[in-house]
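Every value quoted in this text rests on a predicted model; they were computed, and no experiment measured them. Every chain is numbered from 1 and lettered A, B, ... according to where its sequence line falls, protein lines coming before strand lines.
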Amino acid sequence: MNKSKDFLRRIVEEDLKTGKYQEIVTRFPPEPNGFPHIGHAKSISINFGIAQDYNGHCNLRMDDTNPTTEDTQYVEALKDAVEWLGFKWEGDVRYTSDYFDRLYSYAITLIKMGKAYVDSLSEEEIREYRGTVTQAGKRSSYANRSVEENLDLLERMKNGEFKEGEHILRAKIDMSSPNMKMRDPLLYRIRHAQHFRTGDKWAIYPMYDFAHCLSDYIEGVTHSICTLEFENNREIYDWVLDTLGLEPPRPYQHEFARLGINYTVMSKRKLLELVEKKVVTGWDDPRMPTIAGLRRRGYTPESILNFCESIGIAKANSMVDVAQLEFAIRDDLNTKVPRVMCVMHPLKVTIENYEGTEEIEASYYPHDVPKEGSRKLPFSKEIYIDRADFSEHPAKGYFRLTPDQSVRLKYAYIITCKEIIKDSEGNILEIKATYHPDSKSGEDSSGIKVKSAIQWVEASSAKKVEIRLYDRLFKNEAPEGIDDINPDSLSVITNALIEPAVITNKPDERFQFEREGYFYADPELYTDDTPVFNKIVALKDSWGKKKKAPNKAPEAKKVQIDGEVVPMTAEEQVLFDTYTKAYKLNSEVANTLARDAKLSSFYTEALAAYHSPVSIANIVANEVARELKTQEIDALKFSPAQIATLMRLVDEETISNKIAKGVFEQMLKSGDDPSKIVESQGLIQISDPAEILPIIDEVVANNPDNLAKFKAGNTKLLGFFVGQVLKATGGKANPKVVNTLVAEKLG
RNA sequence: UGGGGUAUCGCCAAGCGGUAAGGCAACGGUUUUUGGUACCGUUAUUCGGGGGUUCGAAUCCCUCUACCCCAUCCA
């Protein structure tokens, strides 16, 4: 039961283990400028979930730094969503605007450090000066203003002495940074707007990159978890916190992939468009992927949380299949919800040989749901069944009522069709049937076998209900916008019939309508006089699926075209030639070495200490190359000469290649001499079969299952046995010898 | 185009040099008074492509390709 942890939890565990933090603090930091959707639910589930798992806590913070877009109605929606999902935030709801004073004083500190300045370029100029992704930007001449002038200007900006756009506070970082975000990012802009909390107290508002990291810090957040598009912002996040030299511990940012679900849209802009153009009835339209929509549709908090858990957390952009969400709600409701009978498309059935009335006891739950509860179903000679449950000319495999096939009315009797009443156009109006008195559910002695039991309602007692059937909002898997809307995403059935107990007893708000799906009494529209139910999700329907022709077009495998490789320079070519000709390196290794100045110089030095061109080339082009990717030669703890020594040990077969890699790992950290490591840890390899054989016997004896599999032809398992033997010897056994020995033993 | 990311089954996703987890979907079957549920089984000789290192590579190295993000005084 070793459930694998996601990468965030792994980071958290590591940080706890190393003592980086004593307690984990996360936060869910939405901007209150729209309704939360299921993507927010993922973020909520991650942030609150991690805090919960590691006995920390999670704050709810409104990132309210842009007064022109934000509003208190959204903070209510956000709070509501978190609570509905069942989480409790630590203390009060936080607001970035609570920190405006402190943020302002941090800005002053930055100015005093010479790390921030007031720029007075126009918006267009700022854009121009920023350069492009391929060209460096240039710094504004205002960057030379004195500390005093900057301080004065900022103060006056704050006091509202300037118009919007006249001045702006920027960090002084690097106008030629390859990361566009680092080209003197904007810290504060002038905004003469009413803030929904601070009113007109402020004329300047901090930007995200300045406010977010500091708000995290102020709250003592340890893990600042956000989505992938903020990866480029991480550098500023660190810059602000480091430059200010704040007292540790400080938070670190980690990014995960935002949630995408097919057949819907998730961006605030597109969602807003749906609402504004009245494609949907509002933010809580049951077809919307908003929390409010899902909730109104009938989704439970548990189902959404389960869904979030099931999709995992990773860094690959992905598009989750709606089927996975649908599974989550079915799975949740299956064990919770009463089963009742509702006839969507009523077809009258008159049971000619039945007289009088009776009440039939029926359990709300099937045998496999361990819940108690039942109701009485009225029964008489006039009932309704669903039109789909009768077929005059049935397709093959049809289990329901036909002129030749009897069917059971669930909980009640078996009926047989006697006559079909049609109108002049041939539409079926009514079925005349007979019932089998000795076939009553639970006391059936008729001996009649039927293929299915269908739902029904008694005519005089049934209640008329409105049913709203929802389908996916968009017809495309990856919709662009309103053009892709599914015109049939909503269909309303106004005269469905439901058994009376649902309305009069109200056993629940969510039901399974037998053989149809899960339904929810609409919290806005439902009244006892005009009941309205939303279809949450259909039951799985293997009959409906079977009827549809399978349409599968096999996809052609994509052909991959190789791009062109940059040619070598003259010097590189010379190196390459000596490597391949004089040293007899294979061209791939030679290529790697020749093209990288750091590697070739390292290689040359190592070679001077011990001339074994091929083996040294291999370790330099592989293992050493990995280290040199992230650091310079000078920063390395090991020397070329030590690498040479290491390879001498391998060449002389004192140690195996496998051990060499282990030794190398240690050299990385300690800088110790390889021969010293080998000696002190007794890593000299074991090549004597007499020593190895008993271990092989033991491993084979301990793994009878795998031995059987191997004998059955699973030759991959050879590697398994070799691995086990190596493990048993602490990696010291000579793998080549082990390989041949194991092969002999098993072969 | 410079930088930052990501590629494992139809869709998610584990895996971190030694037997390619799991879930959804799909497909068979058993049980069933829901064509539901539950249960059992099938579904990756292969990890974006190509090379290399290694006894052994999804995992390390090189290289190519595809996709996402960054040039809002949004977050």
Next on the checklist: Working to the nearest 0.5 angstrom, can you tell me the gap between A/Asn714 CG and A/Leu707 CG?
Outcome noted: 11.5 Å
Next on the checklist: Categorize A/Val133 for me: base, sugar-phosphate, or nothing, with a 4.0 angstrom heavy-atom threshold over every strand shown.
Outcome noted: base
Polar atom pairs (N or O), protein with nucleotides 33-35 of chain B, under 3.5 Å:
unit_1, atom_1, unit_2, atom_2, d
B/rU33, O2, A/Tyr411, N, 3.3
B/rU33, N3, A/Arg408, NE, 3.4
B/rU33, N3, A/Ser441, OG, 2.5
B/rU33, O4, A/Arg408, NH1, 3.0
B/rU33, O4, A/Ser441, N, 3.2
B/rU33, O4, A/Ser441, OG, 2.1
B/rU33, O4, A/Gly442, N, 3.2
B/rU34, O4', A/Lys410, NZ, 3.4
B/rU34, O2, A/Gln512, OE1, 2.7
B/rU34, O2, A/Arg515, N, 3.1
B/rU34, N3, A/Gln512, OE1, 2.5
B/rU34, O4, A/Arg339, NH1, 2.4
B/rG35, OP1, A/Arg515, NE, 3.4
B/rG35, OP1, A/Arg515, NH1, 2.7
B/rG35, O3', A/Ser542, OG, 3.1
B/rG35, N7, A/Arg400, NH1, 2.5
B/rG35, O6, A/Phe399, N, 2.7
B/rG35, N1, A/Gly397, O, 2.8
B/rG35, N2, A/Gly397, O, 3.2

Next on the checklist: Are A/Tyr208 and A/Phe230 an aromatic pair, judged by ring center distance below 6.0 Å?
Outcome noted: yes
Checklist outcome for this item: Whichever of A/Gly563 and A/Leu726 has the more 5' nearest nucleotide on RNA chain B, that residue is A/Leu726
Item to check | Watson-Crick or G-U counterpart of B/rA66, or none if no pair lies under 3.5 Å | outcome: B/rU6
Item to check | Backbone N/O of A/Asn618 and side chain of A/Asn622: donor-acceptor pair under 3.5 Å | outcome: yes
Checklist outcome for this item: Among the nucleotides B/rG17, B/rU19, B/rG52, whichever has the atom closest to the side chain of A/Lys661 is B/rG17
Checklist entry - Across the strands shown, which category fits A/Leu121 at heavy-atom distances under 4.0 angstrom: base, sugar-phosphate, nothing? => result base
Item to check | N or O in side chain of A/Lys545 less than 4.0 angstrom from B/rA26 OP1/OP2 | outcome: yes
Next on the checklist: Can you tell me the base-pairing partner of B/rA26? Count Watson-Crick or G-U wobble geometry only, both distances below 3.5 Å, and say none if there is no partner.
Outcome noted: B/rU42
Next on the checklist: Strictly under 4.0 angstrom, non-hydrogen atoms only: write out the protein contact profile of nucleotides 3-9 of chain B, one letter per nucleotide from the 5' end, B, S or -.
Outcome noted: BSSS---
Item to check | Set of residues satisfying side-chain contact (heavy atoms from CB on, under 4.5 Å) with respect to A/Leu539, sequence neighbours excluded | outcome: A/Gln512, A/Tyr518
